[in-house]
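Note that ligands are numbered from 1 as they come in the structure, with each ligand's atoms numbered from 1 the same way. Keep in mind that this is a model prediction, so the values were computed, not measured. We use all heavy atoms of the structure for the numbers below, so side chains are in, but hydrogens, waters and symmetry mates are not.
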Amino acid sequence: MLLNYSDDGPGPVVVLIHGFTLDHTMWDSQRETLGSIYRVIAPDLRGHGRSAAPEGIYPIDDLADDVVELLDRLKISEPVVLGGLSMGGYVALSIAVRHPKRLRGLMLLNTRAAADTPETAQVREDLALQIDATGDVTPVVATMLPKLFGPTSRSTRGDLVERTGEVMRRSPARGVSGSLRGMAVRPDRVADLRRITLPTLVMAGAADALIPVEESRLMAGALPNAELAIIPDAGHLAPLENPGAANAAILRFLGSLA
Ligand code: MLT
């Protein structure tokens, strides 16, 4: 499926994949900061932003293949640096495992390698059924939004929380239920980590309520060639909440690959 995407800047390609119910605009700060040195491509995954939202379940491997198809259409055959946040990280891991030759570096931001527990998968299915019945994504947004931001953002960045909520509420119902069901059946990739030899940046938000820092530390430890950056004053959306620290870590990492 052809995805909507942004494409900014000259130089080596960096692809950034957004999280669940977000879109490529979550990377605005990274597009601006990295875009003077790198060509930053940020797709809208299927069911998100301006990409189409077909009916049915969206397996993570299909989302990953959409991104590879986009690279093919853009005639980008040289290995790229790929980053993904949370659900975007599941997609990035799928590409790292299934299409490793397309990559020269990996950035796993506020994400995990483990599959859903049965309880989490059930919560997702219940939400998807609710959305199917009502066509209304507001309950998912209401459940998720408070968990995405750390305390600093919640108390000082009301504008950012509100803007993010607007993007989430615009998500098409089919995209939200398709993604929920796709995440619920995604494969566990913990055992794959030790085979990913790409240089990898693992980023954690110091106050991420969804992915504890310790889990990110374990993931970085399981990857043969990874470094961990813990972003202060940030929750689950570290690159949005503290772009200064997140961009510095990303630029350092990208520079180390040159
Ligand atoms: C995300 O931010 O993409 C979600 O938290 C991922 C998930 O629900 O597992």
Side-chain angles (χ1 to χ4, degrees), residues 15-27 30 42-49 51 53 57-64 66-67 82-95 107-128 130-131 137 139-150 153-154 160-161 163-172 175-190 202-205 207-213 215-216 219 231 234-242 246:
V15 178
L16 298 175
I17 309 177
H18 61 77
F20 175 55
T21 66
L22 300 174
D23 66 13
H24 74 276
T25 60
M26 75 152 283
W27 302 113
Q30 286 70 41
D44 289 339
L45 294 174
R46 72 168 69 183
H48 290 78
S51 290
I57 180 168
Y58 298 175
I60 293 296
D61 288 351
D62 288 6
L63 300 183
D66 288 343
V67 174
L82 175 66
L85 179 129
S86 198
M87 184 179 82
Y90 309 157
V91 175
L93 262 180
S94 168
I95 296 176
M107 300 190 289
L108 299 172
L109 317 180
N110 300 88
T111 194
R112 58 164 50 103
D116 275 3
T117 62
E119 294 74 25
T120 304
Q122 189 57 51
V123 169
R124 295 202 205 266
E125 178 57 24
D126 292 346
L127 283 169
Q130 197 181 336
I131 292 168
V137 303
V140 180
V141 177
T143 310
M144 276 188 68
L145 192 58
K147 298 184 194 149
L148 294 180
F149 291 92
S153 308
R154 283 203 301 274
L160 178 65
V161 177
R163 276 203 312 279
T164 306
E166 275 167 27
V167 171
M168 294 168 75
R169 282 188 289 274
R170 279 201 299 270
S171 304
V176 177
S177 54
S179 304
L180 283 166
R181 292 191 168 108
M183 287 193 285
V185 298
R186 73 186 189 279
D188 191 292
R189 300 230 186 257
V190 173
V202 174
M203 184 178 287
D208 189 334
L210 299 177
I211 311 227
V213 170
E215 189 172 346
S216 299
M219 183 164 72
I231 305 301
H236 190 58
L237 302 180
L240 257 184
E241 297 181 73
N242 191 344

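Side-chain contact between Leu85 and Trp27 is present, with heavy atoms from C-beta onward closer than 4.5 Å.
With sequence neighbours excluded, no residue satisfies ring pair (Phe, Tyr, Trp, His ring centres under 6.0 Å) with His236. The salt bridge (charged side-chain N to carboxylate O under 4.0 Å, His left out) test applied to Asp62 returns no partner, not counting sequence neighbours. Applying the salt bridge (charged side-chain N to carboxylate O under 4.0 Å, His left out) criterion to Arg124, with sequence neighbours excluded, gives Asp116.
Ring pair His48/Phe20 is perpendicular by interplanar angle, where above 60° counts as perpendicular and below 30° as parallel.
For Ser86 and Asn110, the side-chain atoms include no donor-acceptor pair closer than 3.5 Å.
For ligand 1, the 4.0 Å heavy-atom shell takes in Gly19, Phe20, Ser86, Met87, Tyr90, Arg124, Met183, Leu210, His236, ordered by chain and residue number.
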